[in-house]
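Comments concern the structure below.
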Amino acid sequence: KLQFLYLIGGPAGALQTVPIRMLVGGVRRGLARRFLSSGAQQPVKKQRRGMGSYAMIGGVTLGVGGYIYSARLRKNKALKAEDVSEVEAVEKVTPAELKEYGVTLYRYLTCPFCGKVKAFLDLYGIPYKCVEVDPLTKAQMKGTGYSKVPYMKVHTADGRDLVLADSETIVTLLGKKVGVEDTEDVAKWRTWGTELFVSYLTLNLNRTLSEAWASLAYIETAEEIPAWNKFASKAFGAPVMYLIVQHLRTRPNLLKKGYDGGDERAALYKQMNYWIEEGVGKKPFHGGKAPDSADTDVYGVLNAIRGYPLYIDVLQNTAAREWVGRMDKACGREPYALP
């Protein structure tokens, strides 16, 4: 029923970028699965009543989700990361000050860009506190005027909380505090991680609507998020995420970059093995004997879904397991025990 409801179209204009043919196709497939499979087991009138009920509920769900997503896009465009980041002030923070007073990281647990930042902080021993942000209300970021994650406050000796936003800005700027300078090759692999690896991972997290729902399961562990918000985030967020990934952004963009549109898992495994074979090679890390920013970026992206079935699939079906184990150790984590 959940799969069917989310394939029904929303109210007219609720998600203006969704092609009508896609919604109609979703309705047709959903109806076929739900009702036609039962054949003559149900009277036609009863089938039609059921169809109408599911269509109405599904329409409301997608419509509300579309409205929330559209409103969020407008808000995100209104204030950019560079508008809120206090780069010049953070540049004056000393490495010793950074290590003593630490930072606060506002994140979503499964956000790959937040994962990049967390892996960087772990590797270089920068003390931090994580605040799990409510994806529905962003209550934890109220008063900041900004609503995207990762979002960071850098604490100083004189009691200031200096703001940095955007994973690239955070890792690059704080990297200078710990002596990290990216080479051209490191920059190339970091771009690959951000533009391609993240996209293939997202594509695999949202292959179906049920998987999109399951990808939001982490919300249940966040005590600071109210129960209703947890449910609403999944109910409204899952169908919107599915549409964005499969029809509006992620898959279409990957098709333009060489993805053949076939087996999503096989495509992800290929990208993971490409990193191990060409990025890491025969060295312990891309950085040689020690990880560099390329290592922490790729590891952080993958680690954002640590424990998920997809994470386990990647470790079991690619050559990444040993490298991930070395990264776990470098970042102070226990190696993941595969089932």
Side-chain angles (χ1 to χ4, degrees), residues 87 90-91 93-99 102-103 105 107 110-128 130 150 152 154 164 166-202 268-306 310-311 314-336 338:
V87 174
V90 173
E91 287 177 339
V93 175
T94 67
E97 194 174 5
L98 182 64
K99 289 291 185 75
V103 302
L105 174 63
R107 65 166 188 176
T110 57
C111 163
F113 303 103
C114 303
K116 287 167 51 175
V117 175
K118 186 177 181 300
F120 171 85
L121 297 174
D122 284 333
L123 179 64
Y124 293 104
I126 298 172
Y128 63 91
C130 283
M152 176 179 284
V154 179
L164 288 178
D166 179 73
S167 62
E168 189 70 20
T169 299
I170 294 170
V171 171
T172 300
L173 191 55
L174 296 189
K176 295 177 181 178
K177 305 292 181 185
V178 293
V180 175
E181 292 290 342
D182 288 351
T183 64
E184 185 176 337
D185 188 59
V186 169
K188 181 192 80 170
W189 283 106
R190 291 187 68 191
T191 300
W192 168 85
T194 299
E195 295 184 359
L196 271 183
F197 188 55
V198 167
S199 295
Y200 278 104
L201 205 64
T202 304
L268 175 61
Y269 297 158
K270 182 179 179 180
Q271 291 295 320
M272 189 80 260
N273 284 328
Y274 172 63
W275 159 252
I276 296 300
E277 293 166 7
E278 301 295 330
V280 178
K282 298 184 181 300
K283 310 184 298 289
F285 305 99
H286 176 270
K289 294 182 179 180
D292 59 18
S293 297
D295 287 293
T296 54
D297 270 17
V298 179
Y299 172 76
V301 167
L302 181 61
N303 226 38
I305 58 164
R306 190 181 183 94
L310 178 56
Y311 178 83
V314 170
L315 294 193
Q316 290 180 331
N317 294 284
T318 72
R321 186 174 178 180
E322 291 185 3
W323 170 77
V324 169
R326 292 191 290 270
M327 286 299 301
D328 281 339
K329 185 176 181 180
C331 292
R333 300 198 65 162
E334 290 293 324
Y336 186 80
L338 289 172

Is there any salt bridge (Lys or Arg N to Asp or Glu O under 4.0 Å) pair reaching into residues 291-301, and which pairs are they, with sequence neighbours excluded?
Lys116-Asp297, Arg190-Asp297
Just verifying a value: how many Å separate Thr183 OG1 and Lys188 NZ, rounded to the nearest 0.5 Å?
10.0 Å
Side-chain heavy-atom pair Leu310, Leu268 within 4.5 angstrom cut-off:
yes
For Ala294 versus Val186, what's the shortest heavy-atom pair and its separation?
N-CG1, 3.8 Å
One should read off an interatomic distance between Tyr124 OH and Leu98 CG, to the nearest 0.5 angstrom, of 13.0 Å
Side chain to side chain contact (heavy atoms under 4.5 Å, CB included), paired with Met152, selected from Leu173, Leu121, Asp166:
Leu121
Atom OG1 in Thr169, atom CG in Leu174: separation rounded to 0.5 Å?
10.0 Å
Return the minimal non-hydrogen interatomic distance between Arg306 and Pro335, and the atom names on each side.
NH2-C, 3.9 Å
Please report the C-alpha distance between Thr296 and Met327 in whole Å, then the side-chain angles of each, then the deciding distance to 0.1 Å, and finally whether the side chain to side chain contact (heavy atoms under 4.5 Å, CB included) criterion is met.
CA-CA 8 Å; Thr296 54; Met327 286 299 301; 4.3 Å; yes
Give me the atom names and distance for the closest heavy-atom approach of Tyr299 to Ala119.
CD2-CB, 3.8 Å
Going from CD on Gln316 to CZ on Arg321, what distance comes out if it is rounded to the nearest 0.5 angstrom?
7.5 Å
Which of these passes side chain to side chain contact (heavy atoms under 4.5 Å, CB included) with Val103: Leu164, Val117, Val90, Val154?
Val154
Apply side-chain hydrogen bond (donor to acceptor under 3.5 Å, both in side chains) to Asp185 and list each qualifying residue two or more places apart in sequence or on a separate chain.
His286
When you look at Trp189 and Phe197, which way does the ring-ring contact (aromatic ring centres under 6.0 Å, His included) test go after all the steps?
CA-CA 10 Å; Trp189 283 106; Phe197 188 55; over 10 Å; no
Please determine whether the number of non-hydrogen atoms from other residues, nucleotides or ligands lying under 6.0 Å from atom CD of Glu91 exceeds 12.
yes
Please determine whether side chain to side chain contact (heavy atoms under 4.5 Å, CB included) holds for the pair Thr318 and Ile276, giving the CA-CA distance in whole Å, both sets of side-chain angles, and the decisive distance to 0.1 Å.
CA-CA 9 Å; Thr318 72; Ile276 296 300; 5.9 Å; no
Test side chain to side chain contact (heavy atoms under 4.5 Å, CB included) on Arg333 and Asn303 and set out the steps.
CA-CA 11 Å; Arg333 300 198 65 162; Asn303 226 38; 2.9 Å; yes
Just by distance, do the side chain of Arg326 and the backbone of Pro284 share a donor-acceptor pair under 3.5 Å?
yes
How far does OH of Tyr311 sit from OH of Tyr336, to the nearest 0.5 angstrom?
7.5 Å
Can you tell me if NZ on Lys283 sees more than 12 non-hydrogen neighbours from other groups inside 6.0 Å?
yes
Which residues pass the ring-ring contact (aromatic ring centres under 6.0 Å, His included) test with Tyr200, sequence neighbours left out?
Tyr259
Give the intermediate values and the outcome of side chain to side chain contact (heavy atoms under 4.5 Å, CB included) for residues Phe113 and Glu168.
CA-CA 8 Å; Phe113 303 103; Glu168 189 70 20; over 6 Å; no
Point-to-point distance, once rounded to the nearest 0.5 Å, from CD1 of Ile305 to CG of Leu201
4.0 Å
Residue pair Lys177 / Val93: nearest heavy atoms and the distance that separates them:
NZ-O, 2.6 Å
